[in-house]
Amino acid sequence: MKKNLVWFRNDLRVYDNTALYQSCKFYEDKVIALFIDTPEQWKNHFISQKKISFMHHNLISLEEKLSEINITLYYYQSTTFLQSIKYLIHFCHQKKINNLFYNYQYEINERNRDYIVKKKLSEQGILVKGFHDSILVPINDIKNKKKNSYKKFSIFNEKIKKYLKKNIIRCLPIPIKRKDKDNDATSFFKFKKSIIKFNKKIFPIGEQAAVERLKNFFKYKINDYSFNRNIPSLDGTSMLSPYLSIGIISSRRCFFMFLKNKNSNPPDTIYNSSWFNEIIWREFYYHLLVSHPNLSKSKSMSEWENFMNWENNSNYFDAWKNGCTGFPIVDAGMRQLKEIGWMHPRLRMITSSFLVKNLLIDWRKGEKYFMSQLIDGDFAINNGGWQWCSSFGTDYVPYIRFFNPFLQSKKIDKSGNFIKNFIPELNNVPNNFIHNPHEWSNKKKCFVNYPDPIVDYNDTKKKFMLIFNKAQLEFKKQV
DNA sequence: GTGTAGTTGGA
DNA sequence: CCAACTACA
């Protein structure tokens, strides 16, 4: 008989959890679980209060689920990763652990932490077992001829789909109930009384809620997804991102249920579905993060970014954060983010493009601000999205991408329903002026309690192109 | 095999 | 623009 410890981190679920499943492989083994909170580390990673609260309340739910299969979840509040290692080692000794199980995390601090844990525990005769779990396909299975991860989404997409068609992905069941439970008193219940800092109606707690959400999406939303996902006033997306980001549901389960739901369709339609593509984008950014550890160190994929002469005007930055730029679609998105900790994906592109290409502010400032607000903050995806929008990421194009807020707004929020929902000051502005209210107030000489545009779109666009081209030239000069 | 020229295409 | 393919020496 061995004693196994499952160390939960970003995988707060019992169904299809590789580490948990593996730890329960032998019925004679004793299994306990542990979660170590590291608030200081979260602070350094700009993790939002909403996400932390969401995580805590999902931990309560996880504790109940684990209890049903006679596994005790211990909780300890540490500070940083470095401190958490000390506690983990202490805990392993105290509980006389033989094997430690966990699922891999791919960010650099997380990897360093796990490296130290593995080294120290191995020296003391404790077996450490890590698993690929939050991704669909192990990183090494999708590589180019030079054994590097693909840098172009289209190629990665092609390869991974070929792989997924060939290799059947299975979900792991919930382990069967253990013989007996470790019954030490724990400090676990402290969150039961703590205030919920996110909107529970929009983001219900627990694994079951995530599965319901997925089923509901397949039932009512997926058929119109490719159109509706671009309209922020519609509830057209699956809104599963907060659940995926802390592993309340696995992307394997999303894929598996998606196939099951769609199995009457021809395979090409299934694999080309725009929703499935989003799952692959998530996958792509995770694979990229592993092959390019510099992404975790605030580096751009494009090296000439070092030569960018960012303006970083702090007044503009504040206006952007508070939704007071005078560009209604940008401001509505930014206010949605602040209010519920989630922003419609289309608006994430528009607002981030605007910060970088019209306010000329370093994309990293935006990246960090997003993290500090998002309930679904996921480093790989947030970073990938920001790099893509700022044109310093992987998908090179011979032109610079610009999102014109005015044109985008007319396209995705024609009648201004979304804008008015988040900017009530604009309630009296007629629909045909909702995308440029300052023109209406100038013309009609009426006062609208909403700022004029803080910058000129075309001027700043030209300015960005100048700075961008100059940076590229200077980079080439140096090489 | 492996190095290179030419082609393709891009949330 | 440039990754990643194909073709061919």
Side-chain angles (χ1 to χ4, degrees), chain A residues 141-163 222 225-232 236-238 241 244 251 271-292 294-295 300-308 329 333 343-357 363 366-367 370 376 378 380-405 407-408 411-412 464-479:
Chain A
D141 289 5
I142 311 290
K143 289 275 169 84
N144 63 20
K145 280 173 188 157
K146 286 178 183 158
K147 298 267 177 284
N148 293 322
S149 283
Y150 287 98
K151 286 177 162 182
K152 283 192 144 298
F153 177 74
S154 52
I155 318 259
F156 177 83
N157 195 20
E158 200 181 285
K159 302 288 173 185
I160 196 170
K161 281 175 181 170
K162 207 181 255 174
Y163 179 97
I222 194 151
Y225 176 77
S226 62
F227 178 80
N228 286 359
R229 66 165 173 167
N230 288 324
I231 313 296
T237 68
S238 63
S241 48
L244 282 163
S251 60
Y271 284 91
N272 291 331
S273 141
S274 49
W275 185 73
F276 183 46
N277 263 6
E278 297 303 320
I279 301 285
I280 304 301
W281 272 101
R282 177 184 185 278
E283 191 77 9
F284 177 57
Y285 285 139
Y286 266 93
H287 283 236
L288 212 59
L289 180 65
V290 175
S291 55
H292 296 76
N294 268 349
L295 292 177
S300 296
M301 286 294 286
S302 303
E303 284 183 72
W304 71 75
E305 193 274 335
N306 289 328
F307 294 87
M308 282 295 286
I329 196 70
M343 198 199 301
H344 189 277
R346 189 84 208 163
L347 299 178
R348 296 190 196 198
M349 298 186 206
I350 297 171
T351 54
S352 54
S353 167
F354 185 77
L355 181 81
V356 175
K357 292 174 178 174
W363 65 270
E367 178 202 16
F370 266 31
D376 63 19
D378 181 315
I381 300 170
N382 189 48
N383 180 273
W386 273 93
Q387 296 224 18
W388 184 84
C389 275
S390 63
S391 298
F392 299 112
T394 49
D395 248 324
Y396 306 92
V397 279
Y399 49 87
I400 307 171
R401 289 184 203 90
F402 284 95
F403 285 86
N404 181 323
L407 298 176
Q408 286 287 322
K411 206 165 159 184
I412 65 169
F464 179 84
M465 278 162 61
L466 275 174
I467 300 176
F468 189 87
N469 292 332
K470 205 176 144 204
Q472 234 171 348
L473 275 175
E474 256 163 66
F475 171 71
K476 275 178 191 159
K477 235 190 274 169
Q478 229 190 38
V479 181

Counting primed atoms, P, OP1 and OP2 as sugar-phosphate and everything else as base, the B/S/- map of nucleotides 2-11 of chain B against protein heavy atoms under 4.0 Å is -------BBB
Please report, to 0.1 Å, the donor-acceptor pairs under 3.5 Å made by any side chain of residues 149-158 of chain A, with sequence neighbours excluded.
{"residue": "A/Ser149", "atom": "OG", "partner": "A/Ser291", "partner atom": "OG", "Å": "3.4"}
{"residue": "A/Tyr150", "atom": "OH", "partner": "A/Lys143", "partner atom": "O", "Å": "3.4"}
{"residue": "A/Asn157", "atom": "OD1", "partner": "A/Lys161", "partner atom": "NZ", "Å": "3.0"}

Could you check whether A/Arg282 pairs with A/Asp376 (Lys NZ or Arg NE/NH1/NH2 to Asp/Glu carboxylate O, under 4.0 Å)?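 Looking at A/Asp376 together with A/Arg282, the answer is no, because their closest N to O distance does not fall below 4.0 Å.
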Could you state the atom-to-atom distance from [atom1] of [X] to [atom2] of [N] in whole Å?
| X | N | atom1 | atom2 | result |
| --- | --- | --- | --- | --- |
| A/Lys143 | C/dC5 | NZ | C1' | 19 Å |
| A/Lys146 | B/dG1 | NZ | C1' | 15 Å |
| A/Gln472 | C/dC1 | CD | P | 8 Å |
| A/His292 | C/dA3 | NE2 | C1' | 11 Å |
| A/Phe468 | C/dC1 | CZ | P | 11 Å |
| A/Lys151 | C/dC5 | NZ | C1' | 16 Å |
| A/Asn157 | C/dC5 | CG | P | 14 Å |
| A/Tyr150 | C/dA3 | OH | C1' | 10 Å |

A/Tyr163 OH: over 12 foreign heavy atoms closer than 6.0 Å: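 More than 12 within 6.0 Å, yes.
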Within-4.5 Å side-chain heavy-atom neighbours: A/Asp395 and A/Arg401:
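Yes; the side chains approach each other to less than 4.5 Å.
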### Query
Counting any heavy atom closer than 4.0 Å, what does A/Lys159 reach on the DNA or RNA strands: base, sugar-phosphate only, or nothing?
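Sugar-phosphate: the residue A/Lys159, judged by heavy atoms under 4.0 Å, touches backbone atoms but no base.
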Output all residues satisfying ring pair (Phe, Tyr, Trp, His ring centres under 6.0 Å) with A/Phe307, sequence neighbours left out; order by chain, then residue number.
->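 If we apply the ring pair (Phe, Tyr, Trp, His ring centres under 6.0 Å) test to A/Phe307, skipping adjacent residues, there are no hits.
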Mind checking whether A/Phe276 and A/Tyr271 have ring centres under 6.0 Å apart?
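A/Phe276 vs A/Tyr271: aromatic centres under 6.0 Å.
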